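See structure below.
Computed from heavy atoms alone, side chains included, the values below leave out hydrogens, waters and symmetry copies. Only a predicted model underlies this, so the values are computations on that prediction, with no experimental measurement involved.
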Amino acid sequence: MRIGVLGTGNMADALATHWVRSGHQVAIGGRDMGKAERLATRLGGSAKPASLRAAAEFGEVVLSALPFGTGTNVVRELRAVLDGKALIDCSNPVGPGFRLLTQGGLSAAQQLAAAAPGSHVVKAFNLCHEDVWRMSPPIFDGRRLAVPVCGDDEPALALVHQLVRHVGCEPVAGGSLERAGLLEATAALFIGLWVGEGADAQAIAPPLAYAAGPRDEEPHTAEEAFR
């Protein structure tokens with residue numbers, strides 16, 4: 001698969017490392033060609049440096065590994081070459097105090113889609129620190145990390161599911177792009193718990209088998225269910 005990466009930072013590095021190792025052709029796009037060249041050299045294999053526009057033109061899938069706001073501006077400039085392509089958004093619109101910057105408005109992913117309306121935006125890879133994505137693979141207590149994926153275009157979703165697996169993770173259908181805001185809000189909550197409180201965010205949800213409570217102790221009435 002041909003993958004264009006917009007950005008030369010930590011997320012670009014972490015995800016592209018896996019994709020190069022999986023045999024994909026990767027173009028690292030940056031405004032600073034020196035940074036793009038250094039990252040492509042470090043990745044090795046098929047990775048090559050490019051301008052932002054050249055990377056967008058190259059990829060059948062394009063990863064926007066840019067900060068919230070910056071990504072929207074860049075994508076708007078490249079909207080013509082992104083037409084018909086899967087565009088992955090991994091950004092988190094989280095500000096000081098772990099505040100969700102998009103509250104009450106369009107999600108970061110929806111803003112990206114509005115900036116390049118001919119593209120097929122898919123939200124993924126936003127719930128973990130970049131060093132988690134560097135793990136090869138991310139496995140915890142014997143279970144591969146699950147990655148929620150939100151989008152509206154089935155072919156684009158299929159491509160992103162494949163790329164999730166090539167990072168060593170398991171894709172999970174997160175619903176339409178309209179639900180991407182829920183993923184972004186979850187990231188704000190989790191970052192606040194992990195960083196702000198030092199709490200284990202994973203501990204706030206029961207295992208799937210207990211999602212509705214113990215099955216052998218089901219309440220007999222609605223009143224009992226909420227006692």
Subject >> Note, Val74 side chain near Ser64 side chain (heavy atom, < 4.5 Å) >> reply: no
Original post:
Is there a side-chain contact between Ile88 and Leu15, using heavy atoms and a 4.5 Å cut-off?
Top reply: no
Original post:
Do Leu63 and Cys90 have side chains that get closer than 4.5 Å, going by heavy atoms?
Top reply: yes
**OP:** Examine distances only and state if a side-chain atom of Gln111 and a backbone atom of Leu106 form a donor-acceptor pair shorter than 3.5 Å.
**Re:** yes
Subject >> Non-hydrogen atoms of Ala109 and Lys123 that approach each other most closely >> reply: CB-CD, 3.8 Å
Subject >> Nearest-0.5 Å distance, CG of residue Leu6 to OG1 of residue Thr70 >> reply: 12.0 Å
Subject >> More than 12 heavy atoms of other groups within 6.0 Å of Glu60 CD >> reply: yes
Original post:
Going from NE2 on His24 to OG on Ser46, what distance comes out if it is rounded to the nearest 0.5 angstrom?
Top reply: 9.0 Å
Original post:
Applying the side-chain hydrogen bond (donor to acceptor under 3.5 Å, both in side chains) test to Asn126, which of Asp89, Asn92, Thr186 qualifies?
Top reply: Asn92
Original post:
Could you go step by step and tell me if Arg53 and Val81 meet the side chain to side chain contact (heavy atoms under 4.5 Å, CB included) rule?
Top reply: CA-CA 8 Å; Arg53 179 169 293 276; Val81 297; 3.6 Å; yes
Original post:
Where is the tightest heavy-atom contact between Met1 and Val61, given as atom of each residue plus distance?
Top reply: SD-CG2, 3.6 Å
Original post:
Which pair of non-hydrogen atoms, one from Phe98 and one from Gly192, has the smallest distance, and what is that distance?
Top reply: CG-CA, 3.6 Å
Subject >> Basic-acidic side-chain contact under 4.0 Å: Glu170, Arg143 >> reply: no
Original post:
Nearest heavy-atom pair of Met33 and Ala50: which atoms, and what distance?
Top reply: SD-O, 3.4 Å
Original post:
What pair of heavy atoms forms the shortest contact from Met135 to Phe140, and how long is it?
Top reply: SD-CZ, 3.8 Å
Original post:
What are the two closest non-hydrogen atoms of Ser176 and Asp152, and how far apart are they?
Top reply: CB-OD1, 3.1 Å
